[in-house]
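Counting starts at 1 for both ligands and their atoms, in listed order. From a predicted model like this one, the values you see are computed outputs, not experimental measurements. Side chains are part of it too, since the values below use all heavy atoms of this structure and drop only hydrogens, waters and symmetry mates. Residue numbers run from 1 in the order of the sequence given.
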Amino acid sequence: MSIAVKVLSIGTVLVTFLFHSTASAQERERRSPPRKLTAHQAEVAAANYQKYCALCHGKDREGHANDHAPSLRSKSLMESGIAHQVLRPMQYGRKGTAMGGYLDEVGGPMTLDETWDLTYWLFEQAGYDRLKFSTNPVLGDVKRGEQVYQQQCANCHGVKGEGVNAPALMNQSALAHNTDEFIRHAIVNGRQDTPMQAYKDKLSEEDIDNITAFLRSKSLGWKAEKPILRALPEPADYIVNKDGDDPNFDLKDGMYVLSSDLNDALVAKKRMVLLDTRVTSVWQTAHIEGSIPFPYYADLDETVRGIPKDVQIVAYCSCPRAAADYTINKLRDRGYTRTAVLWEGIFGWMHQGFPVQRGEIEGVND
Ligand code: HEC
Ligand code: HEC
């Protein structure tokens, strides 16, 4: 208890210090993006968007195609502050949500330049002038903020800000990237064409400040972690329990296997191929042992080589099924009929206490 309190207060001091040392412009001023993409960069960024992001954020950036991924074109988001608010989630992801990191440094598929270009492409597509927010803290009554939060916000964002059908507002990586004014701007204006309404006429200015201060009080600090990247499995290692029997799953809706059934089959050393269909960086962070990185955006002609057709394939993701469904449907079209999707996804699997293999972290930058 006392340790937790201490960590919290150090975090708060650090955050406050950062805010004061970097706070420069108090006033909001309009500014345009510093980087104009060339036609070629824009073309690559548009293709990367469709390949990597459309599955959840939608073909037209409208959001909510899967797993309540936010809109990436709402005015209030795209006019909000600095490029890092889009860049950082894209690079490092939001731990514990379906949003994984796409930067090569953490095991993702995109280079640093590609992540920058995609960020500016999103700004250009949305076409709004960006507001400049100060990094000053928004001050308020944390207790009162918590009460209003629980009444007005918890049914979508979760009692602990874990996200139910809306973003996880108390997620540490989100709190690290979202400044107080960014959060307040979202509450005041809502997010256009999404379930997030504007609260400017529904709550007093003080209460909006109070909620913002309450959310900030949950921030413990966050650092970008640099994983030690594992070698990817070779085709010879794709099948787990090569000499085992077939698991003979009883599939729900002809498609889904429950975590408990998959775990039983692994314990009983049944023969299977496990596909982790998430962005590859999160396979590096934690995966079901024996699974191979098989991201939803991979070129199937490349990746299916080495996977025999007679073996039971089980795919999983964290969204909780979107990427796995997508991949398995493509495999079924290619004649892989012995295929299934893990019903609860890997977060459900972990919540039930089943084991995962975790990656190592190297130390810290940024
Ligand atoms: C009906 C469900 C619902 C309620 C109630 C709701 N929200 Fe939201 N909220 C959402 C959704 C959905 C999004 C994501 C919208 C998008 O961009 O697509 C969101 C986005 C946000 C964001 C932006 C997060 C980010 O990282 O960009 C903030 C901040 C926020 N909500 C705060 C609140 C607060 C504070 C309340 C209560 C006063 C509240 N919301 C009530 C559904 C809700
Ligand atoms: C598997 C689904 C999925 C994919 C694929 C995905 N995202 Fe996300 N993304 C999410 C979810 C879910 C969230 C919200 C997480 C939370 O905060 O609870 C999110 C949040 C974000 C945010 C923060 C938005 C905000 O309102 O604060 C950005 C920016 C973002 N994603 C960009 C991208 C980009 C760019 C790509 C492609 C390179 C991508 N995402 C791919 C699911 C996905």
Side-chain angles (χ1 to χ4, degrees), residues 45 48-58 61-78 80-81 83-103 108-110 114-115 117-119 121-122 145 148-158 161-175 177-178 180-200 202-203 207-208 210-212 214-215 277-279 281-282 295-297 317-324 326 345:
N48 280 342
Y49 179 83
Q50 292 305 330
K51 182 172 180 187
Y52 298 127
C53 322
L55 175 74
C56 300
H57 291 281
R61 299 163 285 118
E62 71 279 18
H64 306 272
N66 274 304
D67 203 57
H68 66 259
S71 162
L72 295 180
R73 67 177 194 202
S74 67
K75 179 169 186 292
S76 69
L77 173 66
M78 300 317 290
S80 276
H84 285 81
Q85 255 134 13
V86 170
L87 185 73
R88 287 294 191 232
M90 182 192 309
Q91 291 179 327
Y92 295 104
R94 288 198 178 148
K95 272 224 171 115
T97 76
M99 181 63 204
Y102 285 79
L103 185 61
M110 293 171 80
E114 283 180 320
T115 59
D117 290 349
L118 181 50
T119 299
W121 181 81
L122 287 167
V148 186
Y149 175 88
Q150 296 302 350
Q151 285 160 10
Q152 303 277 339
C153 325
N155 58 336
C156 295
H157 290 285
E162 71 280 16
V164 177
N165 49 25
L169 297 180
M170 298 182 207
N171 179 286
Q172 291 307 317
S173 23
L175 282 169
H177 302 144
N178 296 344
D180 288 9
E181 289 199 3
F182 171 92
I183 295 171
R184 180 167 64 187
H185 190 69
I187 305 172
V188 169
N189 298 288
R191 293 281 193 235
Q192 294 69 40
D193 303 320
T194 81
M196 177 64 197
Q197 55 182 315
Y199 281 90
K200 60 176 168 238
K202 299 197 162 77
L203 292 175
D207 272 344
I208 292 177
N210 294 340
I211 298 175
T212 307
F214 163 64
L215 292 172
T277 61
R278 304 170 299 165
V279 59
S281 62
V282 287
Y296 58 92
Y297 51 79
C317 61
S318 53
C319 28
R321 290 176 287 278
Y326 174 81

Atom indices of ligand 1, in the order listed, that fall short of 4.0 Å to a heavy atom of [X]:
X: Ile187; answer: 32 (C), 35 (C)
X: Pro70; answer: 16 (C), 17 (O), 18 (O)
X: Ile211; answer: 35 (C), 38 (C)

Any heavy atom of [X] sitting closer than 4.0 Å to ligand 1?
X: Ala186; result: yes
X: His64; result: yes
X: Pro167; result: yes
X: Tyr149; result: no

For [atom], which protein heavy atom lies nearest, and how many Å away is it?
atom: atom 3 (C) of ligand 1; value: Cys156 SG, 2.7 Å
atom: atom 24 (C) of ligand 1; value: Leu169 CD2, 3.9 Å
atom: atom 23 (C) of ligand 1; value: Arg191 NH2, 3.6 Å
atom: atom 1 (C) of ligand 2; value: Cys56 SG, 2.7 Å
atom: atom 36 (C) of ligand 2; value: Cys53 SG, 2.8 Å

Check your understanding: How are the rings of Tyr52 and Tyr297 set to each other: parallel, tilted or perpendicular (split at 30° and 60°)?
Key ->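 Ring orientation of Tyr52 relative to Tyr297: perpendicular.
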Check your understanding: Does Asp117 reach the main-chain N or O of Ala45 with its side chain, forming a donor-acceptor pair under 3.5 Å?
Key -> no
Exercise for review: Please confirm if an N, O or S atom belonging to Met90, backbone or side chain, lies less than 2.8 Å from atom 8 (Fe) of ligand 2.
Suggested key: no
From the options [options], select the one whose nearest heavy atom is closest to [atom].
atom: atom 12 (C) of ligand 2; options: Val164, Asp67, Leu118; value: Asp67
atom: atom 5 (C) of ligand 1; options: Arg94, Glu62, His57, Gln152; value: Gln152
atom: atom 10 (C) of ligand 1; options: Gly163, Ala166, Pro89; value: Ala166

Review point. Taking N or O atoms only and a 3.5 Å limit, does Ser71 qualify as a polar contact for ligand 1?
Key: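 Yes.
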Check your understanding: Within the structure, does Asn178 bring an N/O atom to less than 3.5 angstrom of an N/O atom in ligand 1?
Key -> yes
Exercise for review: Determine which of the N, O or S atoms in His157 is closest to atom 8 (Fe) of ligand 1 and give its atom name.
Suggested key: NE2
Exercise for review: Evaluate the side-chain proximity of Ser74 to Asp193: yes if any heavy-atom separation is below 4.5 Å, no if none is.
Suggested key: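 In short, these two side chains do not touch, never coming nearer than 4.5 Å.
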Practice item. May I ask you to check if any N/O/S atom from Cys153 comes under 2.8 Å of atom 8 (Fe) of ligand 1? Key: no
Check your understanding: What part of Tyr296, side chain, backbone, both or neither, has a heavy atom within less than 4.0 angstrom of ligand 2?
Key ->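 Side chain only.
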**Study point:** ligand 2 contact by Ala98, heavy-atom criterion under 4.0 angstrom
**Key:**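 Distance cut 4.0 Å: Ala98 passes for ligand 2.
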Check your understanding: Side chains of Lys202 and Gln197: do they bring a donor and an acceptor to under 3.5 Å?
Key ->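 Present: a donor and an acceptor within the cut-off.
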